[in-house]
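Some notes on the structure that comes next.
The figures that follow rest on heavy atoms only: side chains count, while hydrogens, waters and symmetry mates do not. Small disclaimer: the values here were computed from a predicted structure and weren't measured. So you know, we letter chains A, B, ... as the sequences are listed, proteins then strands, and number each from 1.
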Amino acid sequence: MTQYWLMKSEPDECSIDDLARLPQQTVPWTGVRNYQARNFMRDAMKVGDGVLFYHSSCAEPGIAGLAEVASGVTVDETQFDPQSPYFDPKASRDKPRWLHVHVKLRRKTRLLSLREMRSRPELASMLLLKPGSRLSITPVTPQEWQAVLALLEP
DNA sequence: GCCAACGTTGGC
DNA sequence: GCCAACGTTGGC
């Protein structure tokens, strides 16, 4: 059964337009350094799951496009690279800590801003909107997914 | 740049 | 296993 997710990306690092320019319009979702988010990728995500591509830590935070999970988990190589901002000195090749999936663009959408999302009662249940929510990957219910799609219709 | 909320670390 | 200190996130 298809599931749905919201995944945060900082546009400085990878915006929806960056994603559109990548080969296969697919990005390795490296850099996740939170166990809960990792476990979602490892234990629950399936290829083909729907993804709300969210711009965070920027002037206009919000949903910027639709994407999908394009691979199962693989080892996140950035954890071994001392030059990487995602380097984890406690990770070893024997016991990698961090994993990632690949995410493929479906389509860019209009920006559904965080402000607008907060104003919509039908989205109030979204984990992203809960006070203090910081998780970079959150599950989205089919109802929330449909509600977002409806708001993105032209 | 601020700061509240939250996760992680490490001494005990 | 507790919990204080510390670091990070991310909207504002």
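One N or O donor and one acceptor, one from the side chain of A/Arg134 and one from the base of C/dT8, sit under 3.5 Å apart.
Closest contact between the side chain of A/Tyr35 and the listed nucleotides C/dG11, B/dG7, B/dT8 involves B/dT8.
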Applying ring-ring contact (aromatic ring centres under 6.0 Å, His included), run through A/Trp5 and A/Tyr54 and close with a yes or a no. CA-CA 10 Å; A/Trp5 307 93; A/Tyr54 179 89; over 10 Å; no

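Toward the 5' end of DNA chain B, the nearer of the two residues A/Lys90 and A/Pro131, judged by each one's closest nucleotide, is A/Pro131.
For the residue pair A/Thr78 / A/Asp76, a side-chain donor-acceptor distance below 3.5 Å is found, with atom types taken as modelled.
Counting to the nearest Å, the P atom of C/dC12 and the CG atom of A/Leu129 are 10 Å from each other. The distance between atom CG of A/Asn34 and atom P of B/dC6, rounded to the nearest whole Å, is 13 Å. Atom CH2 in A/Trp98 sits about 10 Å away from atom C1' in B/dG7, given to the nearest Å.
Residue-level contact check: A/Lys130 touches neither bases nor backbone, having no heavy atom under 4.0 Å from any strand.
Using a 4.5 Å cut-off on side-chain heavy atoms (C-beta onward), A/Leu135 and A/Leu127 make no contact.
Below 30°, between 30° and 60°, or above 60°: for A/Trp29 and A/Phe53 the angle between ring planes is above 60°, a perpendicular geometry.
A donor-acceptor contact shorter than 3.5 Å links the side chain of A/Asp49 to the backbone of A/Lys46. In this structure a side-chain-to-backbone donor-acceptor pair under 3.5 Å is missing from A/Asn34 to A/Ser136.
Residue A/Tyr54 places at least one side-chain N or O closer than 4.0 Å to OP1 or OP2 of C/dG11.
Interface residues of residues 114-121 of chain A facing DNA chain C, ordered by number: A/Leu114, A/Arg118; criterion, heavy-atom separation under 4.0 Å.
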